[in-house]
K.L.:
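Mind having a look at this structure? Questions to follow.
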There are 2 protein chains.
Amino acid sequence: MSEENIKLLKKAGLKITEPRLTILALMQNHKNEHFSAEDVYKILLEQHSDIGLATVYRVLNQFDEANILIRHNFEGNKSVFELAPTEHHDHIICEDCGKVFEFSDNLIEQRQKEISEQYGIKLKAHSLYLYGKCSDIETCEEIVKKDEK
Amino acid sequence: MSEENIKLLKKAGLKITEPRLTILALMQNHKNEHFSAEDVYKILLEQHSDIGLATVYRVLNQFDEANILIRHNFEGNKSVFELAPTEHHDHIICEDCGKVFEFSDNLIEQRQKEISEQYGIKLKAHSLYLYGKCSDIETCEEIVKKDEK
DNA sequence: CTAATTGCAAATAGTTTGCATGAGC
DNA sequence: GCTCATGCAAACTATTTGCAATTAG
């Protein structure tokens with residue numbers, strides 16, 4: 001596992017350092033979660049790591065550049081990162097509690113291709129975000145509570 | 001025209017003030033453009049307006065709340081706003097020539113609603129961008145030329 | 001050994017807020 | 001007249017950067 005990660009970093013032209021390996025492993029252990037730099041920093045603190053916040057930012061940016069992570073800008077003012085998925089997926093975000101679901105829908109994917117062709121464009125990529133509000137207010141609030149503790 | 005805008009503000013429960021009317025008109029005069037708060041402030045400065053930056057932020061936020069404007073978070077760290085389009089549409093962008101087509105597809109819209117429901121979220125909005133390359137190279141280049149002149 | 005990396009603190013960018021003054025209704 | 005709105009400066013949040021010390025290759 002760690003061998004794999006060392007290869008990954010080398011391929012990205014990055015030196016093998018403890019902060020980079022630690023943060024990479026952290027993101028891999030939270031595959032479908034979205035973490036801000038601050039989130040990552042807090043987890044590191046809990047693990048009694050002495051990696052500084054500035055390094056977290058630097059490493060996350062490098063990983064984004066290297067396509068190891070994907071950066072999202074869901075909520076206005078801060079970026080969140082997730083491990084780059086091997087399979088493409090889109091996102092549904094609750095505007096109230098910030099909960100994020102991931103989904104992938106063949107029907108939509110297919111239709112996108114058709115539409116692109118109609119406009120004479122060969123589709124290369126897309127970004128789709130659905131924004132809404134949890135219908136179940138209890139679930140919605142539960143998650144807010146989780147965030148606060 | 002200004003009558004219309006006064007109605008718009010009243011409907012949003014906002015008092016009719018000069019900063020709000022000015023900023024509203026400004027956004028209407030730049031229908032498909034995306035402005036950050038700073039952009040708006042700079043334009044106001046050029047017009048020798050004495051509206052403060054804090055007011056620009058407050059007004060843009062109020063207009064966003066009132067659905068007069070739409071807020072986007074394309075680029076990581078700042079929000080940009082555009083006049084809310086009367087009809088929803090999505091975008092196809094050619095990565096080579098920058099040409100943008102607007103489209104709206106009922107099948108995709110419908111499917112998005114279904115997916116959201118599956119995840120227990122009431123869909124409020126979405127953003128969909130298709131990125132690709134013009135299949136017809138001539139068209140693609142023509143437009144580049146057009147843009148450059 | 002040399003250049004890249006790190007931690008810390010200071011700097012910056014974008015945005016929000018407290019407060020006294022001024023304007024809408 | 002009473003409340004809401006504004007301008008200014010100060011506060012805040014997310015992020016970046018300068019620099020000296022440290023480490024990977």
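Because the structure is a prediction, the values reported are computed rather than measured. Chain A is the first sequence line, chain B the second, and so forth, proteins listed ahead of strands; every chain is numbered from 1.
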K.L.:
In whole Å, what is the span from the CG atom of B:Asn77 to the P atom of C:dT16?
P.N.:
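Taking CG of B:Asn77 and P of C:dT16, I get 14 Å after rounding.
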
K.L.:
Separation of B:Glu38 atom CD from C:dT12 atom C1', in whole Å?
P.N.:
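From B:Glu38 CD to C:dT12 C1': 13 Å.
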
K.L.:
Send over the distance from A:Asn61 CG to D:dA14 C1', rounded to a whole Å.
P.N.:
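Whole-Å distance recorded here is 12 Å.
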
K.L.:
Indicate yes or no for a side-chain donor-acceptor contact from A:Thr55 to the backbone of A:Ile51 under 3.5 Å, with no hydrogens or angles considered.
P.N.:
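Absent.
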
K.L.:
Heavy atoms from C-beta onward define the side chain here; which of C:dT16, D:dG7, D:dT15 lies closest to that of B:Asp50?
P.N.:
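Looking only at heavy atoms from C-beta outward on B:Asp50, the closest nucleotide is D:dG7.
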
K.L.:
From the options C:dT15, D:dT15, D:dA9, select the nucleotide whose nearest atom is closest to the side chain of A:Leu53.
P.N.:
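Ranking C:dT15, D:dT15, D:dA9 by closest atom to the A:Leu53 side chain puts D:dT15 first.
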
K.L.:
Aromatic rings A:Tyr119 and B:Phe101: how do their planes relate, parallel, tilted or perpendicular, breaks at 30° and 60°?
P.N.:
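Correct class here is tilted.
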
K.L.:
Side chain of B:Tyr57 only, heavy atoms from C-beta on: which candidate in C:dT16, C:dG7, D:dT15 is closest?
P.N.:
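Nearest nucleotide to the side chain: C:dT16.
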
K.L.:
Name the orientation class of the two ring planes belonging to B:Tyr129 and B:Tyr131 (parallel below 30°, tilted from 30 to 60°, perpendicular beyond 60°).
P.N.:
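Taking B:Tyr131 first and then B:Tyr129, their aromatic rings lie parallel (interplane angle under 30°).
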
K.L.:
What integer distance in Å separates B:Leu60:CG from D:dT6:P?
P.N.:
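Going from B:Leu60 (CG) to D:dT6 (P), I get 12 Å.
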
K.L.:
Which nucleotide in the set C:dT17, D:dT17, C:dT16 lies at the smallest distance from any side-chain heavy atom of A:Arg58?
P.N.:
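Comparing C:dT17, D:dT17, C:dT16 against the side chain of A:Arg58, the answer is D:dT17.
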
K.L.:
A:Glu65: what forms a side chain to side chain contact (heavy atoms under 4.5 Å, CB included) with it, not counting sequence neighbours?
P.N.:
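Applying side chain to side chain contact (heavy atoms under 4.5 Å, CB included) to A:Glu65 gives none.
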
K.L.:
Rounded to whole angstroms, how far apart are CG on B:Leu9 and C1' on C:dG24?
P.N.:
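The answer, rounded to whole Å, is 13 Å.
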
K.L.:
With nearest nucleotides of DNA chain D determined for A:Ser36 and A:Lys10 from heavy-atom distances, which residue corresponds to the more 5′ nucleotide?
P.N.:
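Between the two, 5'-proximity favours A:Ser36.
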
K.L.:
Is there a residue in residues 12-27 of chain A whose heavy atoms reach under 4.0 Å of DNA chain D, and which residues are they?
P.N.:
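Hits under 4.0 Å, by residue number: A:Lys15, A:Ile16.
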
K.L.:
Once you round it to whole Å, what is the distance between C1' of D:dC8 and CD1 of B:Ile51?
P.N.:
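Distance check: B:Ile51 CD1 to D:dC8 C1' gives 15 Å.
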
K.L.:
Taking CG from A:Leu44 and C1' from C:dC8, how many angstroms apart are they, rounded to a whole number?
P.N.:
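My rounded result for the distance is 16 Å.
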
K.L.:
Would you kindly give the CG-to-C1' distance between A:Asn73 and D:dA14, to the nearest whole Å?
P.N.:
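Interatomic distance, CG of A:Asn73 to C1' of D:dA14: 12 Å.
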
K.L.:
Of all the nucleotides listed (C:dT15, D:dT15, C:dG7), which has the minimum atom distance to the side chain of A:Thr55?
P.N.:
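Looking only at heavy atoms from C-beta outward on A:Thr55, the closest nucleotide is C:dG7.
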
K.L.:
Report yes or no: does A:Arg71 contribute a side-chain atom to a donor-acceptor pair with the main-chain N or O of A:Val80 at less than 3.5 Å?
P.N.:
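No; judged by distance alone, with no hydrogens or angles, the pair does not exist.
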
K.L.:
Just by distance, with hydrogens left out, do B:His88 and B:Glu102 show a side-chain donor and acceptor under 3.5 Å apart?
P.N.:
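Judged by distance alone, the side chains do not pair up.
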
K.L.:
So how far is it from B:Ile108 CD1 to B:Gln110 CD, rounded to the nearest 0.5 Å?
P.N.:
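Reported to 0.5 Å precision, the distance equals 12.0 Å.
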
